[in-house]
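Basis for what follows: all heavy atoms, side chains included, without hydrogens, waters or symmetry-related copies.
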Amino acid sequence: MENFHTISILVTNESGVLSRIVDLFSGRGYNIESLTVAPTIDKLYSRVTIVTGGDAAAIEQINKQLNRLVPVIKVADLNIKEALEREIALIKIQVKDEEKGDILRIAEATNAKIIDITDKTYILQAVGDEKQIQALVELVRPYSVKEFVRSGKVAISRNNQFTNLKNL
């Protein structure tokens, strides 16, 4: 089984940065399992979170190569014990009248929220770690899932890896 790592990258918020990061991965044959990007509180910077697989040597090589990219300010390999990780999922389910109670119970049991209701569909929103999202997926699988959207992982360090950079 491949060992997955969550890499958090603080970058200057400028055009082409994401392309350079993705090119680095694809050019060296590294697969990206999950990718999220968004500006920080200071819109001059963005946080890129990448989940990738590899042994310790491969991850060390990735980190070194990322640090050489000009718009990269800081790279951190986030250990699961040192970080909090979350994903978001939106699930549109076509519901029959007799299934509505089941879907409500599933939402309650998994801490999902029903964020939209029509005569024929419910849209659920779930925020949690990978296991929590997957548990919800398995519970709704027997129903008529019409759309499923899942974000990439976002993560934040519990320690001081980025705090010396003005709360970015």
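- Under a 3.5 Å cut-off, the side chain of Glu138 and the backbone N or O of Ala135 do not form any donor-acceptor pair.
- With hydrogens and angles ignored, the 3.5 Å screen pairs a side-chain donor or acceptor of Thr52 with a backbone N or O of Asn31.
- Two residues are said to be in side-chain contact when any heavy atoms from C-beta on lie closer than 4.5 Å; Tyr30 and Gln61 meet this criterion.
- Val127 and Ile115 fall into different hydrophobic clusters, where Ile, Leu, Val, Met, Phe, Trp and Tyr residues are linked whenever their side-chain heavy atoms come under 4.5 Å apart, directly or through other members.
- Contact annotation: the side chain of Ile62 approaches that of Phe25 to within less than 4.5 Å [non-hydrogen atoms, C-beta and beyond].
- Nearest heavy atom pair, residue Ser8 against residue Leu78, reads CB-CD1, 3.8 Å.
- The nearest pair of heavy atoms linking Ser34 to Gly152 is OG-CA, 2.9 Å.
- Residues Ile9 and Ile50 come closest through the heavy atom pair CD1-CD1, 3.9 Å.
- Lys96 contributes atom NZ, which lies 12.5 Å from atom NZ of Lys120 (distance to the nearest 0.5 angstrom).
- Considering every non-hydrogen atom in both Thr121 and Gln94, the closest pair reads CG2-CA, 4.1 Å.
- Val154 and Val22 fall into different hydrophobic clusters, where Ile, Leu, Val, Met, Phe, Trp and Tyr residues are linked whenever their side-chain heavy atoms come under 4.5 Å apart, directly or through other members.
- Under the 3.5 Å distance criterion, the side-chain polar atoms of Asp42 are left unmatched by any main-chain donor or acceptor of Tyr45.
- Expressed to the nearest 0.5 Å, how far CG of Asp129 lies from CZ of Arg86 amounts to 5.5 Å.
- No more than 12 heavy atoms of other residues, nucleotides or ligands sit less than 6.0 Å from atom CD of Glu108.
- Using a 4.5 Å heavy-atom threshold, the side chains of Ile73 and Thr12 count as touching.
- Within the 4.5 Å cutoff, side-chain heavy atoms of Tyr143 are placed close to those of Ile106.
- Counting non-hydrogen atoms of neighbouring residues, nucleotides and ligands closer than 6.0 angstrom, the CD atom of Glu99 exceeds 12 such neighbours.
- Under a cut-off of 6.0 angstrom, the local environment of CG in Leu18 is crowded, with over 12 non-hydrogen atoms contributed by other residues, nucleotides or ligands.
- For Asp97, the side chain to side chain donor-acceptor pair (under 3.5 Å) criterion is met by Lys100, not counting sequence neighbours.
- Note that CD1 of Ile93 is 12.0 Å distant from CZ of Arg141, once rounded to the nearest 0.5 Å.
- Contact record, Pro39 with Ser46: CA-OG, 3.6 Å, taken as the closest heavy-atom pair.
- Shown here are the salt bridge (charged side-chain N to carboxylate O under 4.0 Å, His left out) partners of Glu14, two or more places apart in sequence or in another chain: Arg20.
- The side-chain heavy atoms of Ile7 and Leu66, taken from C-beta on, include a pair separated by under 4.5 Å.
- A 4.5 Å side-chain heavy-atom check between Ile21 and Ser19 finds every atom pair outside the cut-off.
- Looking only at side-chain heavy atoms (C-beta outward), Leu139 and Thr110 come within less than 4.5 Å of each other.
- Looking only at side-chain heavy atoms (C-beta outward), Arg158 and Leu84 come within less than 4.5 Å of each other.
- Just one residue in the list Val17, Asn13, Thr49, Val48 forms a side chain to side chain contact (heavy atoms under 4.5 Å, CB included) with Val37, and that residue is Val48.
- A distance-only check finds a donor-acceptor pair linking the side chain of Thr36 to the backbone of Lys153 [under 3.5 Å].
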| Verdict with supporting geometry, Val137 and Phe148, side-chain contact (heavy atoms from CB on, under 4.5 Å) | CA-CA 9 Å; Val137 167; Phe148 177 74; 3.6 Å; yes
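- Taken to the nearest 0.5 Å, the CD atom of Glu33 stands 12.0 Å off from the NE2 atom of His5.
- A side chain to side chain contact (heavy atoms under 4.5 Å, CB included) with Arg150 holds for exactly one of Ile133, Ile88, Leu90, Ile91; it is Ile133.
- The heavy-atom pair separating Glu85 from Ala155 by the smallest distance is CG-CB, 3.8 Å.
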